[in-house]
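See below for the structure under consideration.
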Amino acid sequence: MRTQIAIIGAGPAGLVLAQLLAQQGIDSVVLENRSRDYVERRVRAGVLEQGSVDLLRTMGVAGRLDREGMVHHGIELRFDGAGHRIPLSDLTGGASIFVYGQQEVVKDLIKARLDGGGAILFEAAAVGVDGALTNGPVVRYTHKGKPRQLECDYVAGCDGFHGVSRGSIPASALTVYDKEYPFAWLGILAAVPPSSEEVVYSYHGRGFALHSMRSPELSRLYIQVPPDDSLDDWPDGRIWDELGARLSVPGFTLDSGPILEKGTTGMRSHVVEPMQHGRLFLAGDAAHIVPPTGAKGMNLAIAD
């Protein structure tokens with residue numbers, strides 16, 4: 001198969017790029033290792049910055065976002081037993097943040113892509129990029145159990161930290177900046193309405209805590225934990241007790257409920273430069289991993 005732009009990865013970076021190219025009449029094929037159901041269901045980031053929302057609107061894919069997204073005009077910082085609201089919109093000339101899950105952004109972009117006749121090959125695992133320094137790079141991949149090749153003019157590596165794109169660039173051509181932090185985040189998704197109307201970041205002697213949301217019925221919360229803690233160390237009761245302690249301020253009550261998902265994420269920063277090697281370009285997590293607060297990873301991927 002041949003296309004103008006081969007895009008590896010159907011996350012926010014790859015799908016936004018595919019849509020932008022299509023609007024300019026540029027042909028592309030998106031290769032995604034996972035199934036459509038998987039990428040549309042995996043819960044990741046949940047906050048869109050104003051710039052990301054503006055771009056999605058310009059692309060014509062923000063209809064559901066505008067109907068269902070939760071607009072926040074500020075955030076709250078808690079420390080020393082008190083809350084301090086930061087009025088973002090007042091301080092930025094009206095810019096806001098929007099609570100809208102990454103998986104919902106992905107759903108909207110996939111629908112727009114397929115409705116427009118664009119190509120996404122799901123369960124197509126890229127295994128390598130050849131010829132990045134030539135005029136005709138090739139992406140090698142497997143699909144339906146068979147090895148295949150996608151010939152193209154340029155390759156966009158939007159396949160995340162563990163994808164093949166960055167690894168297809170010689171180590172001698174990259175400068176890597178890497179830092180691992182001595183703590184992790186334990187994140188939960190709970191079937192309970194949010195206890196605060198806006199996102200809350202809490203600095204506490206027992207560690208950091210974050211109160212966020214995914215919808216009016218779903219809360220997303222995090223607590224700082226030692227990096228070697230396992231999920232067995234954190235039964236549901238202990239999680240709610242710790243969140244209650246770290247988020248406590250006068251007049252605030254943390255509502256608890258069934259925990260639907262939980263997992264730990266090590267905190268690290270990993271950046272490579274340059275983001276281009278010949279005709280192979282990196283975008284999103286393939287080029288940079290940042291700690292997940294504020295959904296910076298998703299917004300950086302869209303900006304890329």
Side-chain angles (χ1 to χ4, degrees), residues 12 41-49 68-86 88 96-106 181-268 289-299:
R41 288 178 179 270
R42 58 183 171 189
V43 175
R44 291 293 188 269
V47 175
L48 286 167
E49 298 170 359
E68 301 177 13
M70 303 167 66
V71 181
H72 288 190
H73 297 287
I75 62 172
E76 184 179 342
L77 305 181
R78 293 182 181 176
F79 53 91
D80 294 336
H84 308 268
R85 184 176 183 271
I86 310 300
L88 297 180
S96 306
I97 59 174
F98 297 72
V99 175
Y100 192 69
Q102 177 173 314
Q103 73 275 17
E104 305 303 327
V105 175
V106 167
Y181 301 94
F183 50 82
W185 277 12
L186 169 63
I188 69 164
L189 184 70
V192 59
S195 300
S196 172
E197 294 183 355
E198 296 179 330
V199 178
V200 176
Y201 299 87
S202 182
Y203 173 77
H204 192 276
R206 297 166 70 137
F208 170 79
L210 168 60
H211 176 287
S212 186
M213 59 285 294
R214 287 296 177 268
S215 75
E217 296 80 30
L218 291 175
S219 294
R220 184 72 162 160
L221 305 108
Y222 296 89
I223 48 178
Q224 176 186 332
V225 298
D228 54 353
D229 272 15
S230 71
L231 294 182
D232 292 338
D233 296 320
W234 290 93
D236 292 3
R238 184 187 178 194
I239 290 173
W240 287 117
D241 288 345
E242 196 64 25
L243 284 166
R246 298 187 190 186
L247 291 167
S248 178
V249 292
F252 174 77
T253 300
L254 177 67
D255 293 325
S256 61
I259 293 178
L260 306 178
E261 298 178 10
K262 58 182 171 180
T264 55
T265 301
M267 295 292 104
R268 71 181 309 183
I289 293 285
V290 295
T293 182
K296 182 54 68 176
M298 174 171 63
N299 288 282

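All of these numbers come straight from a predicted model, not from anything done at the bench. The chain is numbered in sequence order, starting from 1.
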Closest non-hydrogen atom pair, [X] against [Y]:
X: G46; Y: A295; answer: N-CB, 4.2 Å
X: P12; Y: V106; answer: CD-CG2, 4.2 Å
X: P227; Y: A184; answer: CA-CB, 3.9 Å
X: P250; Y: G81; answer: CD-O, 3.3 Å
X: L221; Y: S219; answer: CD1-CB, 3.7 Å

task: Just grab all the ring-ring contact (aromatic ring centres under 6.0 Å, His included) pairs involving residues 211-268, residues at least two apart or on different chains.
output: W185-Y222

- prompt: Yes or no on side-chain contact (heavy atoms from CB on, under 4.5 Å) for I239 and I188, after CA distance, side-chain angles and deciding distance?
  reply: CA-CA 9 Å; I239 290 173; I188 69 164; 4.0 Å; yes

Would the distance check show the side chain of [X] and the main-chain N or O of [Y] forming a donor-acceptor pair, the cut-off being under 3.5 Å?
X: S202; Y: R246; answer: yes
X: E198; Y: H72; answer: no
X: R78; Y: L247; answer: yes
X: S195; Y: D255; answer: yes
X: D233; Y: S230; answer: yes

- prompt: Does the pair R238/E242 count as a salt bridge with the N-to-O cut at 4.0 Å?
  reply: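 Between E242 and R238 there is no salt bridge, as every charged N stays at least 4.0 Å from the carboxylate O atoms.
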
query: Which word best sums up how the rings of Y201 and F208 line up, parallel for under 30°, tilted for 30 to 60°, or perpendicular for over 60°?
result: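 Y201 vs F208 ring planes: tilted.
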
Kindly indicate whether the side chain of [X], heavy atoms from C-beta on, has any atom under 4.5 Å from the side chain of [Y].
X: L186; Y: L231; result: yes
X: V105; Y: L48; result: yes
X: H73; Y: E197; result: no
X: S96; Y: L88; result: no
X: T265; Y: M267; result: yes

Tell me, yes or no, whether the heavy-atom count around [X] atom [atom1], taken from other residues, nucleotides or ligands under 6.0 Å, exceeds 12.
X: D80; atom1: CG; answer: no
X: K262; atom1: NZ; answer: yes
X: R41; atom1: CZ; answer: no
X: Y181; atom1: OH; answer: yes

message: E68: which residues meet the salt bridge (charged side-chain N to carboxylate O under 4.0 Å, His left out) condition with it, sequence neighbours left out?
response: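 Testing E68 for salt bridge (charged side-chain N to carboxylate O under 4.0 Å, His left out), a comparison that skips the adjacent residues, returns R64.
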
Find the distance between [atom1] ([X]) and [atom2] ([Y]) and round it off to the nearest 0.5 Å.
X: R206; Y: Y203; atom1: CZ; atom2: OH; answer: 15.0 Å
X: E261; Y: R220; atom1: CD; atom2: CZ; answer: 6.5 Å
X: I75; Y: S212; atom1: CD1; atom2: OG; answer: 10.5 Å
X: L218; Y: L189; atom1: CG; atom2: CG; answer: 5.0 Å

